[in-house]
Amino acid sequence: MLDTLNDFTRSLGSVWGLLSILVVCAPAALAVHEFTAYRMNQYTLTGSDYGCKSNMVNFEARAVNANIVTRRCVLMSMGEISVDRMKELIENKAGSILIAMPEDPSTLSKDEIDNWNEVEEVLMEQAVDTSVYFTYQKPELMSIYHEVRTALNSDHAATAAAALGNVFHSNGYQIVTYGTAPAPTKSSLYTIQGKMLSQGRETNPSIAIVAHFDSYGIAPHLAKSANGNGSGVAALLEIARLLSKLYSKSGNTPKYDVLFLLSSGGKLNYLASKTWLEKKLSSDSLETVLLNEVEFVLCLDGIGNDGLHLHVSKPPKEGTAAHKMLSAIEEAVALLNPNISINTVPKKVNLGNPLFAWHHEIFTVKRLSAATISNFPAYNSLGRLNTFDTSVDVDKLYAHTHIIAEGIARYVSDLSDKSVTILDDYLVPSKALLSRTVEFLTNTQRAATLLQRDSPVILNLEQTLSKYASEVMVSELKASKRDPEFQFYDQTETKLFAYNVKPAVFDLFLAIAVIAYLGTIYLCVKSIPHGMTYLYQMKKLKSS
């Protein structure tokens, strides 16, 4: 009888114990939310790593002001970002950082954008081990953000009792992503070239008009680069259209050939242009002849907002090609829009630095006279690398394109009369074309990391340039397998899952509770036979 009772008691304790554990653990994962997230840029350039080296996320979510961030996923909004705070999170080995960004950048104040520009520039100058992701401020995500931010968690509890109570009464979020570690991709950069030949001598002097067409930002999928350099590409195509009409105009004989070059890798040391130039100078192609006869190379880089600056390696001296181009543009300003001023900004090429500051410098080091015209007064101006570069001032882009086109037309025509314009009547830029081109580039994925030969942006630029220039072709620069000068990585876009769970420390208390429960059951079960024996003996004594 005692054995039967012991077995029944043990079975009852096991059943009740199992039910208790199931009841306690049932709410551990209350809900799951899914979001699209974009990983911070990752690439290798000239032997150095840049950007985010990790993509792992499987951490408890914490607010940016949490005392403990080690092995946590810090969820933060744009308004909470600062250079010092990002450095602190990385130094304190935060497991991951998830930044919620507004879908409409116009909701950000100028101070917020300026602050972000500084953060973006600092982050992209280094390689970080912490996984950094960006996502848009969807209502569901912001609800989680506010819960995490306002929850009384154990980090900020006033007493140990409050912290213990919080563990049992509050829920947290576990942020998780699934996938393999980032791997190198089949990386390529591209150049699109075309030429416009003048009539007359067998060999004419030439000029080159250059712009990079890819976008750049802290995350490839978020980079729009409307001004830098969608505006430069739109201007180059419009200048090509105007010059094609000028060159075909009856009775007009420009004295220069024109070479057009669009390239990717603009913010990656202008590698596509640099390699293209080196290959052409070492070959015997027609482009080599044109390059050997190039008097001047004009690079367009961000001309859709206020200000015009001509960046050169040294102040233009009278009689040089740079001075001639500057004079032609200044004459165009005086004739078309005297309210606009153009400033010359000399900066020597730093041969000790493997990274170029401006596009024209890759031509300058090959002893070609070159300059970059831009809104930005310096190569390191805040905003030049800007995720929120999503629009341009079309009126200013039109005015600047008109001035640059007139200046180039005056240069190639050797016009000495400062009182007349060359681009008049129907030879004026089209504001509608400029606007459509910038809109297309802004809304089309064109980060160098994501480009393929059949990418819409490459096909469109190739087709458009072919309307105005001859012998348009696309060149591909593939990363070397043995010793790549550049290398891109995948896992740029992923799905993040936010599981609504009890805080991680709850597991510890749960384990302690289960152990205590099982220990109590064990002691009770062990003592039952002794108790039953005692009761049986007492009953036997009374009956005797």
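These figures come from a predicted structure and were not determined experimentally.
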Taking all heavy atoms of [X] and all of [Y], pick out the closest pair and write down the distance.
X: Leu236; Y: Ala211; result: CD1-N, 3.9 Å
X: Phe356; Y: Asn269; result: N-OD1, 2.6 Å
X: Gly172; Y: Asn500; result: O-ND2, 3.0 Å
X: Ser96; Y: Phe59; result: OG-CD1, 3.7 Å
X: Gly95; Y: Thr130; result: O-CG2, 3.8 Å
X: Ser215; Y: Ala447; result: OG-N, 3.2 Å

Under a plain distance cut-off of 3.5 Å, with no hydrogens placed, do [Y] and [X] share a side-chain donor-acceptor pair?
X: Ser273; Y: Ser263; result: yes
X: Ser187; Y: Lys478; result: no
X: Thr372; Y: His311; result: no
X: Asn55; Y: Ser131; result: no

Donor-acceptor contacts, no H, no angles, side chain residues 302-309, under 3.5 Å, sequence neighbours left out:
from: Asp306; atom 1: OD1; to: Lys396; atom 2: NZ; distance (Å): 3.3
from: His309; atom 1: NE2; to: Asn375; atom 2: O; distance (Å): 3.4

Tell me if a side-chain donor or acceptor on [X] pairs with a main-chain N or O of [Y] at a distance below 3.5 Å.
X: Ser455; Y: Gln452; result: yes
X: Arg446; Y: Lys224; result: yes
X: Asp214; Y: Gly265; result: yes
X: Ser435; Y: Lys431; result: no
X: Asp389; Y: Asn227; result: yes
X: Glu361; Y: Ala357; result: yes
X: Glu80; Y: Ser77; result: yes
X: Ser381; Y: Ala378; result: yes
X: His212; Y: Leu268; result: no
X: Asp104; Y: Ser106; result: yes

Practice task
Start with the C-alpha distance between Glu278 and Lys274, add both sets of side-chain angles, then the distance that settles salt bridge (charged side-chain N to carboxylate O under 4.0 Å, His left out), and finish with yes or no.
Solution key: CA-CA 6 Å; Glu278 291 170 348; Lys274 175 176 175 287; 3.3 Å; yes
Handout entry: Ring-ring centroid check Tyr50 Tyr43, cutoff 6.0 Å
Key = yes
Just wondering, do [Y] and [X] contact through their side chains at under 4.5 Å, heavy atoms?
X: Phe488; Y: Leu189; result: yes
X: Asp490; Y: Thr180; result: no
X: Leu298; Y: Val210; result: no
X: Asn229; Y: Leu441; result: no
X: Thr387; Y: Phe134; result: no
X: Thr344; Y: Val312; result: yes
X: Met76; Y: Leu89; result: yes
X: Leu496; Y: Leu98; result: yes

Handout entry: Check against side-chain hydrogen bond (donor to acceptor under 3.5 Å, both in side chains), Ser374 and Asp301
Key = CA-CA 5 Å; Ser374 175; Asp301 190 352; 5.3 Å; no
Exercise for the section: Go through the steps to decide whether Leu75 and Ile144 satisfy the test side chain to side chain contact (heavy atoms under 4.5 Å, CB included), and finish with yes or no. Expected result: CA-CA 9 Å; Leu75 180 57; Ile144 294 174; 4.2 Å; yes
Exercise for the section: Kindly indicate, with the supporting measurements, whether the criterion side-chain hydrogen bond (donor to acceptor under 3.5 Å, both in side chains) is fulfilled by Ser82 and Asp84. Expected result: CA-CA 5 Å; Ser82 69; Asp84 291 340; 5.7 Å; no
Handout entry: Residues that Glu476 engages under salt bridge (Lys or Arg N to Asp or Glu O under 4.0 Å), provided they are two or more places apart
Key = none
Problem - From CA spacing to verdict: side chain to side chain contact (heavy atoms under 4.5 Å, CB included), Leu368, Leu277 - result: CA-CA 11 Å; Leu368 295 173; Leu277 178 63; 4.1 Å; yes
Problem - Interatomic distance, Leu141 atom CG to Thr36 atom OG1 [nearest 0.5 angstrom] - result: 11.0 Å
Completion exercise
CE (Met142) and CD (Gln137) are apart, to the nearest 0.5 Å, by 4.5 Å
Practice task
May I ask you to decide whether Glu91 forms a salt bridge with Lys93, counting only side-chain N to carboxylate O separations under 4.0 Å?
Solution key: no
Handout entry: Pairs touching residues 111-121 that satisfy salt bridge (Lys or Arg N to Asp or Glu O under 4.0 Å), sequence neighbours left out
Key = Lys110-Asp114
Handout entry: Summary of salt bridge (Lys or Arg N to Asp or Glu O under 4.0 Å) pairs that have at least one residue in residues 122-131, sequence neighbours excluded
Key = Lys53-Asp129
Exercise for the section: Would you please test Tyr178 and Phe497 for ring pair (Phe, Tyr, Trp, His ring centres under 6.0 Å) and show each step? Expected result: CA-CA 9 Å; Tyr178 303 100; Phe497 299 90; 5.6 Å; yes
Handout entry: Working for salt bridge (charged side-chain N to carboxylate O under 4.0 Å, His left out), residues Glu238 and Arg241
Key = CA-CA 5 Å; Glu238 190 61 3; Arg241 184 182 72 85; 2.5 Å; yes
Completion exercise
Hits for ring pair (Phe, Tyr, Trp, His ring centres under 6.0 Å) against Tyr270, two or more places apart or cross-chain, chain-then-number order -> His359
Practice task
Taking the six-membered ring of Tyr379 (Phe, Tyr or Trp), confirm whether the NZ or CZ of Lys347 is under 6.0 Å from its centre and within 45° of its axis.
Solution key: yes
Exercise for the section: Evaluate the criterion salt bridge (charged side-chain N to carboxylate O under 4.0 Å, His left out) for residue pair Arg453 and Glu462; output intermediate values, then yes/no. Expected result: CA-CA 11 Å; Arg453 174 61 181 87; Glu462 179 184 17; 3.3 Å; yes
Exercise for the section: Given side-chain hydrogen bond (donor to acceptor under 3.5 Å, both in side chains), test Lys495 with Thr177 step by step and report yes or no. Expected result: CA-CA 6 Å; Lys495 295 292 184 182; Thr177 187; over 6 Å; no
Problem - Residue pair Glu147, Tyr173: steps toward the side chain to side chain contact (heavy atoms under 4.5 Å, CB included) verdict - result: CA-CA 9 Å; Glu147 283 188 54; Tyr173 288 90; 3.0 Å; yes
Exercise for the section: Check side chain to side chain contact (heavy atoms under 4.5 Å, CB included) between Asp483 and all other residues, then give those that pass, not counting sequence neighbours. Expected result: none
Problem - Residues Phe260, Gln193; criterion side chain to side chain contact (heavy atoms under 4.5 Å, CB included); working and verdict - result: CA-CA 6 Å; Phe260 298 96; Gln193 67 185 65; over 6 Å; no
